[in-house]
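Report on one structure; see the data block that follows.
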Amino acid sequence: MERKWWHDKVFYQIYPKSFYDSNGDGIGDLRGIIRKLDYLKGLGVDVLWLSPIYQSPLADQGYDISDYYAIDPRFGTMEDMDELIAEAKKRGMYLLMDLVVNHCSDEHPWFEAAKKDPDGPYGKFFYLADQKDGRPCNWRSCFGGSVWDPLPGTDKQYLHIFHKKQPDLNWENPQVRQEIYKNINWWLDKGLGGFRIDAIINIKKPLPFRDYEPDRSDGLCSIAEMLKHAEGIGVFLEEMKRETFAKYDAFTVGEVFNMKEDEMRDFIGPDGHFSSMFDFNETIFGESPNGWYDMQKITAEDYKNCCFEAQERAEGIGFLSNIIENHDEPRGVSRYLPEGEHSVQAKKMLGGLNFFLKGLPFIYQGQEIGMENTVVSSMDEVDDISTLDQYQVALDAGLSPEEALRAVSAYSRDNARTPVQWDDGPQAGFTAGTPWLKVNPNYREINVAAQEPDEDSVLNFYKKMIALRKHPDYKDTFVYGSLIPFRREQKNLMAYYRKDAQNTLLVIGNYQNAPQDLILDREPRSVLLNNCKTLSLSKETLHLEPYQFLVLAM
Ligand code: GLC
Ligand code: CA
């Protein structure tokens, strides 16, 4: 396999609004990130993905861009951005921006122009239809309601797969594609390492628009349904790659949901559209067409199976990007560990099991200190548009307001968006002002400052994991070695070999709050990582402590 510069890197996602506020306005910013670069370097991460910081009305927190060439003043200036790129480079780190091109903002000049003259050239930048003909299709927007809304001041309507402030760009129009490529190259010329590519599967619509089988009483159907019928996205993606990323050897990771079974090679094979794509197999587990209130809780066995299935699918094809959480998901420790069992030990186990999988490890801000879901005591505290919609969906299904709140708060995107907990001072040291979103009340116990000097903290465990992955004796095995599940049938145990000609490494997690024995198939040579103080081994039988995590060299 041809080696690429990004294969052996450790990635870290920053959600700028909640990362660190340098000027006391309650909103995290670019200068805040610059100030924390040494922290990130010390953690050992190499590549930083920034969620959007472009000019935006922030209807969907920056995933609604009104100027692709400008930094939103709330996040800083273009000079700050240039400085951030330069400062990262100085430390041997790379930056990825978020590429949001399925849609723009309804405040983008293109959309303004389309409203003024829907029959003119900018009308063709979007999907417009005459209102008098009724809705062209019954698709449900990802944030609720129809994907069609009236184009203000005209007799037309426009399509938005996400919020109504996020009109979809018409990728069938070559002019739109050229504008997008121009922008990508403009950013790559600034010295970016590449992009995380937002919601990209949605750019190809099955045309002409038509209804599909409704899946709820609202008569609408999920976007997933239309994606089953969409063919030919590869033509767009190949053109984009050729015109932009390929010329720069840029890294790209796609946010790809609902890919068709046999498309993995097209997406991330040696000549794939992207360098990598996220594994969402765990993320989507238990989803219900009814909405969040009907989600099925995931067990240790499910988690293991989801990870291994994803590994099998990508085997011999390419690199998945592995995540425990991101800005769209609840905190992983609250989701993937049984309720009430968020001990430091368990957090380290979950972190370790995911981190050493084959693929590119991504850490989301705060994960490295074991940040947990927040407590939402009333809907007034909710910012996230998706949570607002899902709350309504739950009420419509007959849940009481209390039940609906409980159900949606477990999956609210705000869980991951509360400010990073830097210390136990006011507002967790995130801001000198009032934070835009309430700090998680547990910041006095869980924060960076407390964990830094504590040898046994989650933070120091993450540092050790990263250091081990980069250790010259093992790096190749972790990056390129194969993954072979071990004792897959053993309940509440997740274990796998990482193996190549040099090493046979065994990664083990006792995924339960009780001890358990594991019979090895040979005696280990050494212990490379252990989240417990002891290792109890009699011949080839390991006596694992509750939530014990180990990496053994065999
Ligand atoms: C992606 C983003 C999410 C956003 C959506 C629409 O899923 O990760 O935050 O709301 O796309 O842009
Ligand atoms: Ca600020």
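Whatever order the structure lists them in is the order used to number ligands and atoms, beginning at 1. We number each residue from 1, following the sequence as shown.
Below 30°, between 30° and 60°, or above 60°: for Trp292 and Tyr411 the angle between ring planes is between 30° and 60°, a tilted geometry. By the 30° and 60° cut-offs, the orientation of the rings of Trp49 relative to His327 is perpendicular. Taking the six-membered ring where the residue is Trp, Phe245 and Phe195 present tilted rings, their angle falling between 30° and 60°. Note on ring orientation: taking the six-membered ring where Trp is involved, the planes of Tyr212 and Trp139 are parallel (angle under 30°, cut-offs 30° and 60°).
Assignment of Arg196 to the shell around ligand 1 is supported, since a heavy atom sits closer than 4.0 Å. Within the 4.0 Å heavy-atom shell around ligand 1 one finds His103. At least one heavy atom of Arg413 lies less than 4.0 angstrom from ligand 1.
Note on residues 363-397: no pairs pass ring pair (Phe, Tyr, Trp, His ring centres under 6.0 Å), not counting sequence neighbours.
Atom CD of Gln390 is separated from atom CE of Met295 by 9.5 Å, given to the nearest 0.5 angstrom. Rounded to the nearest 0.5 Å, atoms CD (Glu255) and CG (Asp98) are 8.0 Å apart.
With respect to atom 7 (O) of ligand 1, the closest heavy atom belonging to the protein is Glu255 OE2, 2.7 Å. Shortest contact from atom 1 (C) of ligand 1 to any protein heavy atom: Asp198 OD1, 2.7 Å. The closest protein non-hydrogen atom to atom 8 (O) of ligand 1 is Asp328 OD2, 2.5 Å. Atom 4 (C) of ligand 1 has Asp60 OD2, 3.2 Å as its closest protein atom, hydrogens excluded (heavy atom only).
Neither the backbone nor the side chain of Phe278 comes within 4.0 Å of ligand 1, counting heavy atoms alone.
Contact atoms of ligand 1 toward Phe143: 10 (O) (distance under 4.0 Å to a heavy atom of the residue).
Take Lys124 and apply the salt bridge (charged side-chain N to carboxylate O under 4.0 Å, His left out) test, not counting sequence neighbours, and it matches no residue. Remark: Pro426 engages no residue in a side-chain contact (heavy atoms from CB on, under 4.5 Å) (not counting sequence neighbours).
Excluding waters, the protein N/O/S atoms found under 3.0 Å from the Ca ion (ligand 2) are Asp21 OD1, Asn23 OD1, Asp25 OD1, Ile27 O, Asp29 OD2.
Atom NZ of Lys89 has 12 or fewer heavy atoms from other residues, nucleotides or ligands within 6.0 Å.
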